[in-house]
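Below is one structure, written out as structure tokens; comments come after it.
Numbers here simply count residues along the sequence, with the first being 1. Note that the structure is predicted; figures quoted are calculated from it, not measured.
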Amino acid sequence: MVEEHRDGKRFRIGTLENQRAILVMTRLSMLNAGITTQLLLSLFNVKGVLHFGIAGNANSELEIGDVVIPKFWAHTCLWSWQRYGRGPESELPLESNDDYTRDIGYLKFLDYNNDTTTDNLLNNVWYQPEEVFPITTTPETSQHVFWVPVDNHYFTLFKKLEGLKLEECINATTCLPTAPKVARVERGVSANMFIDNKAYRTFLNSKFNVTPVDMESAAVALICYQQNVPFLIIRALSDLAGGGSSVSNEASNFASLAAQNAVATLIKFVQLLPS
């Protein structure tokens, strides 16, 4: 393995399971993930991107330690924040210019008041799609996209890993209550927020059918979509995003186990790829 240092990033170049591979860490946040992915694709001739890590879990049907592969990813922190007194029938500022939309839906803060008879000055936030500029179109021709699909071939191929045995114990005395599994799911979301709030967790799952919630993956998805590069995102569930009964977030105990399962799943997937 050799290393190249470019623009503040360390790219490790070598072989993984008979595949030529480049390993680089995005680190924390949508900004770092987007910059790192763009650097990777600009500096190297890459045929596909496999992004992996840990995430919170908004899906009550899955457990800590499970590894999930969403079919779609979205960035859920590009908002149009509506002024007090305006509602779902009110046009958003610049909506007539096609800059903003009410098509995706909104979060109404009043729904989460202890006393829902009292209005909330925070009113509503409307979720917005990203504006992207695919390299396959005329320069400066934008598209709006909210749900970004992963590569269909990768997603289909991953089905072969359902039933993969994963690690379930941190040590001799601390184990998960059920054996973790690999699952393909419908949707994952990212935002520059560490979500440890049961109410918002429930909203994301009921509104968007979300399973993993993290701070990086949608940025990777958007860059790959814009650059027309196949990608797949593997996320191991390290905590319940505020939905558990414990007084502290579960990631403090299970992040290392989840990370280990994410790596193990990635390696098994790479073995399925043609040379």
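Nearest heavy-atom pair, Phe109 versus Val125, reported as atom, atom and distance to 0.1 Å: CE1-CG1, 3.9 Å. Nearest heavy atom pair, residue Gly48 against residue Tyr154, reads CA-OH, 3.6 Å. In terms of heavy-atom proximity, Pro274 sits nearest to Gln19 at O-NE2, 2.7 Å. Of all the heavy atoms in Ser190 and Ala218, the pair that sits closest is OG-N, 2.9 Å. Of all heavy-atom pairs between Ser238 and Ala255, the closest is CB-CA, 4.0 Å. Here the closest non-hydrogen pair linking Pro180 and Leu166 is CG-CB, 3.8 Å.
Annotation for Glu3: atom CD counts as buried by contact number, over 12 foreign heavy atoms lying within 6.0 Å. Counting non-hydrogen atoms of other residues, nucleotides and ligands closer than 6.0 Å to OH of Tyr100 gives a total of 12 or fewer. Atom NZ of Lys71 sits in a sparse spot, with 12 or fewer heavy atoms from other residues, nucleotides or ligands closer than 6.0 Å. Counted within 6.0 Å of CG on Asn192, heavy atoms from surrounding residues, nucleotides or ligands total more than 12; the atom is thus considered enclosed. Within 6.0 Å of NZ on Lys181 lie more than 12 heavy atoms contributed by other residues, nucleotides or ligands.
Pairs passing the disulfide (SG to SG under 2.5 Å) check and including a residue from residues 69-120, sequence neighbours excluded, do not occur. Each salt bridge (charged side-chain N to carboxylate O under 4.0 Å, His left out) pair with one or both residues in residues 218-240, not counting sequence neighbours, appears once here: Asp214-Arg235, Glu216-Arg235. Residue pairs meeting the disulfide (SG to SG under 2.5 Å) criterion with at least one member in residues 128-221, sequence neighbours excluded, are Cys169-Cys175.
In this structure, Ile234 CD1 and Lys268 NZ are separated by 13.0 Å, a value rounded to the nearest 0.5 Å. Between Leu16 atom CG and Gln271 atom CD the span is 8.5 Å, to the nearest 0.5 Å. For the atom pair CG (Leu31) and OG1 (Thr36), the distance works out to 8.5 Å, reported to the nearest 0.5 Å. Interatomic distance, Lys159 NZ to Leu161 CG, rounded to the nearest 0.5 Å: 11.0 Å. For the atom pair CD1 (Ile64) and CG (Leu257), the distance works out to 9.5 Å, reported to the nearest 0.5 Å. For the atom pair CG of Asn113 and NZ of Lys108, the computed distance is 10.0 Å after rounding to the nearest 0.5 Å.
Between Thr76 and Val213, the closest side-chain pair of non-hydrogen atoms is not below 4.5 Å. Put simply, the side chain of Ser80 does not reach to within 4.5 Å of the side chain of Tyr106, judged on heavy atoms. Trp126 has its side chain out of reach of Ile104: every pair of non-hydrogen atoms, C-beta onward, lies at least 4.5 Å apart. Under the 4.5 Å side-chain criterion, counting only non-hydrogen atoms from C-beta, Leu232 is not in contact with Asp151. Taking the side chain as every heavy atom from C-beta outward, Asp103 and Phe146 never approach each other to under 4.5 Å. Side-chain contact between Lys207 and Tyr127: absent, with no pair of heavy atoms (C-beta onward) separated by less than 4.5 Å. Looking at heavy atoms from C-beta onward, Phe254 lies out of side-chain contact with Leu237 at the 4.5 angstrom threshold. Inter-residue side-chain proximity for Arg6 and Phe11 is flagged as met; some heavy-atom pair is nearer than 4.5 Å.
A chain of hydrophobic side-chain contacts below 4.5 Å, direct or via other Ile, Leu, Val, Met, Phe, Trp or Tyr residues, connects Val67 to Val150. Val24 and Leu28 fall into different hydrophobic clusters, where Ile, Leu, Val, Met, Phe, Trp and Tyr residues are linked whenever their side-chain heavy atoms come under 4.5 Å apart, directly or through other members. Under the 4.5 Å side-chain heavy-atom criterion for Ile, Leu, Val, Met, Phe, Trp and Tyr, Phe72 and Leu204 are members of the same hydrophobic cluster. Linking ILVMFWY residues whenever their side-chain heavy atoms come closer than 4.5 Å, directly or via other members, places Ile233 and Leu40 in the same cluster. Val270 and Met1 end up in different hydrophobic clusters when Ile, Leu, Val, Met, Phe, Trp and Tyr side chains are linked at under 4.5 Å.
Under the 30°/60° scheme for interplanar angles, the aromatic rings of Phe203 and Phe208 are found to stand perpendicular. Between Trp81 and Trp79, the two ring planes are perpendicular [angle over 60°; tilted spans 30° to 60°].
A donor-acceptor pair under 3.5 Å links the side-chain atoms of Asn261 to the main chain of Gly65, judged by distance alone. In this structure, Asn205 contributes its side chain and Val210 its backbone to a donor-acceptor pair below 3.5 Å. Asn123 contributes a side-chain N or O that, together with a main-chain N or O of Arg86, makes up a donor-acceptor pair within less than 3.5 Å. Looking at Thr137, its side chain does come within 3.5 Å of a backbone N or O of Pro134 through a donor-acceptor pair. Side chain of Lys9 to backbone of Met25: a donor-acceptor contact under 3.5 angstrom is found. Side chain of Thr101 to main chain of Asp98: no donor-acceptor pair is present (N/O by atom type, distance under 3.5 Å, no hydrogens or angles). Under the 3.5 Å distance criterion, the side-chain polar atoms of Gln226 are matched with a main-chain donor or acceptor of Phe133. A donor-acceptor pair under 3.5 Å is formed between the side chain of Gln82 and the backbone N or O of Gly87. Between the side chain of Asp196 and the backbone N or O of Gly242 there is at least one donor-acceptor pair closer than 3.5 Å. With Asp66 contributing its side chain and Ala183 its backbone, the two residues share no donor-acceptor pair below 3.5 Å.
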Inset, instruction - Test Ile69 against Phe52 for side-chain contact (heavy atoms from CB on, under 4.5 Å), laying out the working first. - result: CA-CA 10 Å; Ile69 299 85; Phe52 65 101; over 6 Å; no

Inset, instruction - For Phe231 and His51, run side-chain contact (heavy atoms from CB on, under 4.5 Å): C-alpha distance rounded to whole Å, both residues' side-chain angles, the deciding distance at 0.1 Å, then the answer. - result: CA-CA 8 Å; Phe231 73 95; His51 177 63; over 6 Å; no

Inset, instruction - Verify ring-ring contact (aromatic ring centres under 6.0 Å, His included) between Phe269 and Phe158, making sure each step is shown before the conclusion. - result: CA-CA 7 Å; Phe269 180 75; Phe158 209 95; 5.3 Å; yes

Inset, instruction - Report the C-alpha distance between Arg20 and Ile13 in whole Å, list the side-chain angles of each, state the deciding distance to 0.1 Å, and finish with yes or no for side-chain contact (heavy atoms from CB on, under 4.5 Å). - result: CA-CA 8 Å; Arg20 289 281 293 165; Ile13 305 168; 3.8 Å; yes

Inset, instruction - For side-chain contact (heavy atoms from CB on, under 4.5 Å), just list the numbers for Leu41 and Val49, CA-CA rounded to whole Å, side-chain angles, deciding distance to a tenth of an Å, and then say yes or no. - result: CA-CA 9 Å; Leu41 300 184; Val49 172; 3.9 Å; yes

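Side chains of Glu131 and Ser142: a donor on one and an acceptor on the other come within 3.5 Å. Between the side chains of Tyr84 and Asp119, at least one donor N or O sits under 3.5 Å from an acceptor N or O. Checking Tyr225 against Gln143 by side-chain atom types alone, a donor-acceptor pair falls below 3.5 Å.
Seen from the ring of Phe155, Arg184 counts as a face-on cation partner, given the 6.0 Å and 45° thresholds.
With Val148 as the fixed residue, the side-chain contact (heavy atoms from CB on, under 4.5 Å) test singles out one of Val132, Leu222, Val220, Ile223: Leu222.
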